[in-house]
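Before any comments, here is the structure.
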Amino acid sequence: FIELCDGFGEGNADVLEWAGIAGAAESGKESQQQRYRIFDSKKMKDATSNYACLDQNVRFFNTYNYTLYAPNNGAMDKAFAQGLPRWTDIRAMFEKYAEGADETEEVSPEEQADKDKALAMIMTIRDFIRYHFQTMALYADNKLEGVASGETVKFQTMSSDELGVALELSISGGNGVINITDASGATHVIDANDQSKVSNKMTRDYWFDGTTINTSSFCAIHELAEPLNSNASGSYAKQYSSKAAQAKAVKKFQKEINL
């Protein structure tokens, strides 16, 4: 999961640029690639300076509390088997055209089709990652905060649809358990008594302005053995495999970068 997140970093800058996510920034603004990173060590303060952090902060945390349902390696293998793209697949598409490419040449219809598909695959990865981050920290305790006994409550994730509406998870539980039902209808169980998995870990991100704390955010972390899926069909490939899906992804990207 961490490797998937790190794919939005500088190591894939050439692939992101080719797919249409610009690395160059307008004066006084962060680049599209910077805005799409999951983890980063700096964040723009103003046109000439940045906030700093201790290590790597989650870029989209914003002075609030969150939950990360972190898929373990087994869960990631299942996600890839269900069609989640790998960065190596996207890079292979890029490398078909990278060697000997001339920036002055007109992009062929074949390459443009691959660019659109690559962007849709990247958006699928981004949505997958952000769907595992939930606004509001929840701990598997005797009682879940904001969830009454026997009740199911919807919580927003950091992923959104093409209209910008946050996707949700259905949450219930108590007595040391969190039940998470995703868009595919699958229910995932966090059990604080299960010593074989990580649960109820508290983390905190700080952004510093010099030696002063500017902002901070909290996050609860729980390990998942199965990935969350934001697709009712259960297939991640539906987000990028068809021309219609690719067009929707391109439109969503264009809307996000213009916000």
Side-chain angles (χ1 to χ4, degrees), residues 1-16 18-21 33 36-39 56 58-60 67-98 113-134 157-162 167-169 180-190 194 196-199 221-250 252-253:
F1 182 72
I2 294 297
E3 289 179 0
L4 198 71
C5 294
D6 287 344
F8 286 96
E10 293 181 0
N12 275 333
D14 52 354
V15 175
L16 296 170
W18 173 76
I21 305 175
Q33 290 189 19
Y36 265 52
R37 287 179 186 165
I38 307 301
F39 298 107
Q56 294 280 305
V58 180
R59 277 192 68 88
F60 46 80
T67 302
L68 167 59
Y69 301 110
N72 61 25
N73 290 345
M76 291 305 303
D77 287 341
K78 292 172 184 176
F80 292 132
Q82 293 165 1
L84 182 69
R86 298 176 185 266
W87 284 109
T88 51
D89 297 331
I90 301 170
R91 176 164 287 281
M93 295 170 64
F94 159 71
E95 289 178 348
K96 285 168 51 181
Y97 307 98
D114 276 351
K115 281 173 173 274
D116 291 345
K117 184 176 181 180
L119 180 59
M121 293 167 77
I122 291 168
M123 295 292 286
T124 301
I125 292 174
R126 184 171 184 265
D127 288 345
F128 173 86
I129 292 168
R130 292 177 67 110
Y131 192 63
H132 286 77
F133 284 91
Q134 170 187 290
T157 72
M158 300 301 290
S159 182
S160 60
D161 63 17
E162 62 272 16
L167 303 182
E168 296 177 321
L169 297 168
I180 312 148
T181 302
D182 63 26
S184 73
T187 297
H188 311 260
V189 179
I190 304 297
D194 181 357
S196 69
K197 296 185 182 66
V198 173
S199 62
I221 299 178
H222 309 285
E223 180 181 346
L224 287 179
E226 302 275 346
L228 301 178
N229 201 316
S230 61
N231 302 281
S233 67
S235 170
Y236 302 102
K238 291 223 168 183
Q239 290 180 248
Y240 63 84
S241 56
S242 69
K243 293 293 185 184
Q246 293 161 22
K248 182 185 288 188
V250 170
K252 179 181 178 181
F253 168 72

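Computation of the quantities below employed the complete heavy-atom set of this structure, encompassing side-chain atoms and omitting hydrogens, waters and symmetry-equivalent molecules.
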| task | Could you tell me whether Asp14 and Arg91 have a side-chain N and a carboxylate O separated by less than 4.0 Å? | result | yes
| For Ser184 and Asp182, does a side-chain donor sit closer than 3.5 Å to a side-chain acceptor? | yes
| message | Tell me whether Glu10 at atom CD has more than 12 heavy atoms from other residues, nucleotides or ligands lying less than 6.0 Å away. | response | no
| request: List the steps and the verdict of side chain to side chain contact (heavy atoms under 4.5 Å, CB included) for Val58 and Met158. | output: CA-CA 12 Å; Val58 180; Met158 300 301 290; over 6 Å; no
| query | Step by step, would you call Phe60 with Ile38 a side chain to side chain contact (heavy atoms under 4.5 Å, CB included)? | reply | CA-CA 7 Å; Phe60 46 80; Ile38 307 301; 4.1 Å; yes
| said: Between Asn12 and Ile90, is there a side-chain heavy-atom distance shorter than 4.5 Å? | reply: no
| query | If we only count heavy atoms from C-beta on, is the Tyr240 to Leu119 side-chain gap below 4.5 Å? | reply | no
| request: Not counting sequence neighbours, which residues clear salt bridge (Lys or Arg N to Asp or Glu O under 4.0 Å) with Asp194? List them please. | output: Lys197
| message | So, taking the atom named CD in Gln134 and the one named CG in Leu68, what distance separates them when rounded to the nearest 0.5 Å? | response | 10.5 Å
| task | Drop me the distance from Thr187's OG1 to Leu169's CG, to the nearest 0.5 angstrom. | result | 11.0 Å
| Steps toward side chain to side chain contact (heavy atoms under 4.5 Å, CB included) verdict (Leu224, Ile190) | CA-CA 7 Å; Leu224 287 179; Ile190 304 297; 3.6 Å; yes
| If you measure only the distance, is there a donor-acceptor pair under 3.5 Å linking the side chains of Asn72 and Glu223? | yes
| said: Within this structure, what is the CZ-CG distance for the pair Phe128 and Asn231, rounded to the nearest 0.5 Å? | reply: 10.5 Å
| message | With side chain to side chain contact (heavy atoms under 4.5 Å, CB included) as the criterion, how do Phe80 and Asp89 come out once you've worked through the C-alpha distance, each side chain's angles and the decisive distance to 0.1 Å? | response | CA-CA 11 Å; Phe80 292 132; Asp89 297 331; over 6 Å; no
| Set of ring pair (Phe, Tyr, Trp, His ring centres under 6.0 Å) partners for Phe8, sequence neighbours left out | Trp87
| said: On a heavy-atom basis, which atom in Leu167 and which in Ser230 lie closest, and how many Å separate them? | reply: CD1-CB, 3.8 Å
| query | Quick one: are Tyr69 and Glu226 in side-chain contact, heavy atoms under 4.5 Å? | reply | no
| message | Between Lys252 and Asp127, is there a side-chain heavy-atom distance shorter than 4.5 Å? | response | yes
| query | So how far is it from Gln82 CD to Lys238 NZ, rounded to the nearest 0.5 Å? | reply | 13.5 Å
| task | For Asp114, check side-chain contact (heavy atoms from CB on, under 4.5 Å) against everything at least two apart and list the hits. | result | Trp18, Met93, Lys96, Tyr97
